[in-house]
Amino acid sequence: MPTLPKFPAGFLWGASAAAFQTEGAARADGKGPSGWDAFAARGRIKDGADTDRATGFYERYAEDVGLLAGLGADAFRFSISWPRVVPDGRGPVNAAGLDFYDRLVDELCARGVAPAPTLYHWDTPLALEDAGGWLNRDTAFRFAEYVGVVAERLADRVPMWITINEPAEVTLLGYAIDVHAPGKRLFFDALPAAHHQLLAHGLAVGALRAAGAGGIGVALSHSQVLPAADTEADRAAAELYDTLTNWMFSDPILTGTHPDGALAARLPGPVADDLATIAAPLDWYGVNYYAPMLVGAPGTRSANGRSGFGGVEVPAELPFVLHDIDGVEHTAFGWPVVPDGLRNALVGLADRYGDRLPPIHITENGCSYEGLDDQRRIAYLDGHLRALHRAITEGVDVRGYFTWSLTDNIEWAEGTRQRFGLVHVDYDTLARTPKASYHWYRDVIAAQHAE
Ligand code: IFM
């Protein structure tokens, strides 16, 4: 593989992970159950993976921090489990839970890896989920309380914070089409979940700042959305999908406005006041990118007959369908590999927001493939880093890149079937084995760090 072009001085090289996907210890040391624990207990993880154990990160965190240090990573994006810190989502704080993240942060700092915690990566405390979860406005205020507790404890050592991760996926997969926890099928009635997560983000920014935290960002998924065919119906379907998955989240955060009046009219609460909270200034903006989306009108079919995305079919109740992208490589998950889609998504953000767009970090990018000699993962990462470099050359201010993921982990409803790690996890023994991509990424980082 030819050497990658040089990224700007000070560019941050990292890897990402999340609590439910790695920690295990689901009932240990006072942790409360999350909506995802309940979803797993209902048999909704396809391969019946042991999510109570996951990769055992709760016990093995020092080993994984050692792997990060071995990579030469500048930063590690992990998530804090809300129900480990506030077991019932409100009320008493679990000291043992906070102590765990304190130890983790100390270990990272000791190994020269900057901690970059995400405060919400989908594991809502079950007590709050049972009270409506993100459909309930109160959840946003409980989130801000928990964020304040965490920030008071960790702000002295954490240089980079992520409030919430991918609210679009939580809304669509969790509340609209019953693919993820909490397993609701509300279609457009899921929209309040989007609004309340955004409100939670805005309130969390305030709670972080009040505790003296800096380096505040968010992690939103951004995909280039393309109409399946050049027809009015496909263009309208793609535009709606683009609004629902991209702009409905980034516009409120970056501009304090809503991209679609008709959709905004379906949102609950004092929306105009909430938008002022949601648009609290950020220090940086996180982009998760995996693949572009090809969208058609209901009833249309992909040229190759394959529809959906990674096995997820859009129910007929929604006014769009997802088409497969033909003629490109696909990952083990069936996701199309289109590196230039990352450049396009970034240039699209810069064009749309101009000066309102803070410096960007790529907070997730990666792929699912089998095997230790994962040359296809290396090709994926190499291609996306080159596309990222092109975006920077074209003027987009990108300051860092976190690959998803450090180790294999629980891929939500897919369980252990999809492996996104640079490091292989044997789910019987929990032994970690670096893959070829780990060694490749280590060499990339070393070359980038060299003068
Ligand atoms: O594993 C997930 C992660 O938790 C959120 N973003 C997408 C990844 C791959 O599906």
Side-chain angles (χ1 to χ4, degrees), residues 14-24 34-37 39-40 44-47 49 51 54-55 57 76-82 116-124 162-174 177 179-181 197 201 217-223 245-246 249-250 286-293 308-312 322 330-338 341-342 345 361-370 374 376-377 380-381 384 401-423 425 427 437:
S16 279
F20 176 79
Q21 296 178 270
T22 59
E23 282 181 6
S34 71
W36 268 96
D37 292 326
F39 195 67
R44 293 296 307 273
I45 308 291
K46 285 186 192 153
D47 64 354
T51 57
T55 74
F57 179 81
F76 180 45
R77 175 178 173 231
F78 59 96
S79 83
I80 295 183
S81 161
W82 182 359
T118 305
L119 290 152
Y120 178 70
H121 199 125
W122 303 0
D123 43 359
T124 309
I162 296 105
T163 54
I164 60 173
N165 181 71
E166 294 182 359
E169 277 63 24
V170 174
T171 306
L172 179 68
L173 300 176
I177 66 169
V179 173
H180 280 182
Q197 286 177 87
H201 157 79
V218 63
L220 297 196
S221 48
H222 277 286
S223 295
T245 58
N246 287 316
F249 297 88
S250 52
V287 171
N288 295 357
Y289 172 84
Y290 289 90
M293 307 300 288
F309 187 82
V312 174
L322 300 177
H330 287 68
T331 71
F333 214 155
W335 297 2
V337 178
V338 186
L342 173 58
H361 285 271
I362 305 304
T363 31
E364 287 183 25
N365 176 239
C367 51
S368 160
Y369 285 116
E370 287 289 326
D374 54 345
R376 298 211 291 169
R377 175 173 289 103
Y380 178 102
L381 297 176
H384 285 76
Y401 175 87
F402 292 78
T403 192
W404 184 272
S405 181
L406 175 65
T407 65
D408 293 335
N409 55 53
I410 305 280
E411 177 53 25
W412 304 105
E414 293 290 315
T416 52
R417 300 198 306 193
Q418 303 299 340
R419 292 182 176 271
F420 280 82
L422 303 179
V423 176
V425 173
Y427 287 103
S437 58

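Both counts, for ligands and for their atoms, begin at 1 and track the order of listing.
Ser221 and Glu169 form a side-chain donor-acceptor contact under 3.5 Å, judged by distance and modelled atom types alone. Side chains of Glu411 and Ser368: a donor-acceptor N/O pair is absent below 3.5 angstrom, by distance only. Using modelled atom types, one finds a donor on one side chain and an acceptor on the other under 3.5 Å when comparing Thr416 with Asp47.
At a 3.5 angstrom cut-off on N or O pairs, Trp412 counts as close to ligand 1. Between Gln21 and ligand 1, a contact under 3.5 Å exists for at least one N or O pair.
Among all protein heavy atoms, the one lying closest to atom 8 (C) of ligand 1 is Tyr290 OH, 3.4 Å. Nearest protein heavy-atom contact of atom 6 (N) of ligand 1 is Glu364 OE1, 2.5 Å. Among all protein heavy atoms, the one lying closest to atom 1 (O) of ligand 1 is Glu411 OE1, 2.6 Å.
With values rounded to the nearest 0.5 angstrom, Met293 atom CE is found 9.0 Å from Trp335 atom CH2.
Using the six-membered ring where Trp is involved, Tyr380 and His384 have ring planes that are parallel, under 30° apart on the 30 and 60° scheme. Between His180 and Trp122, the angle of the ring planes lies from 30° to 60°, which puts this pair in the tilted group.
The residue from Phe420, Trp404, Tyr289 that puts a heavy atom closest to atom 3 (C) of ligand 1 is Trp404.
For ligand 1, the atoms sitting less than 4.0 Å from at least one non-hydrogen atom of Trp335 are 9 (C), 10 (O), numbered in the order shown with element in parentheses.
Contacts between His121 and ligand 1, counted as non-hydrogen atom pairs separated by less than 4.0 Å, involve the side chain only.
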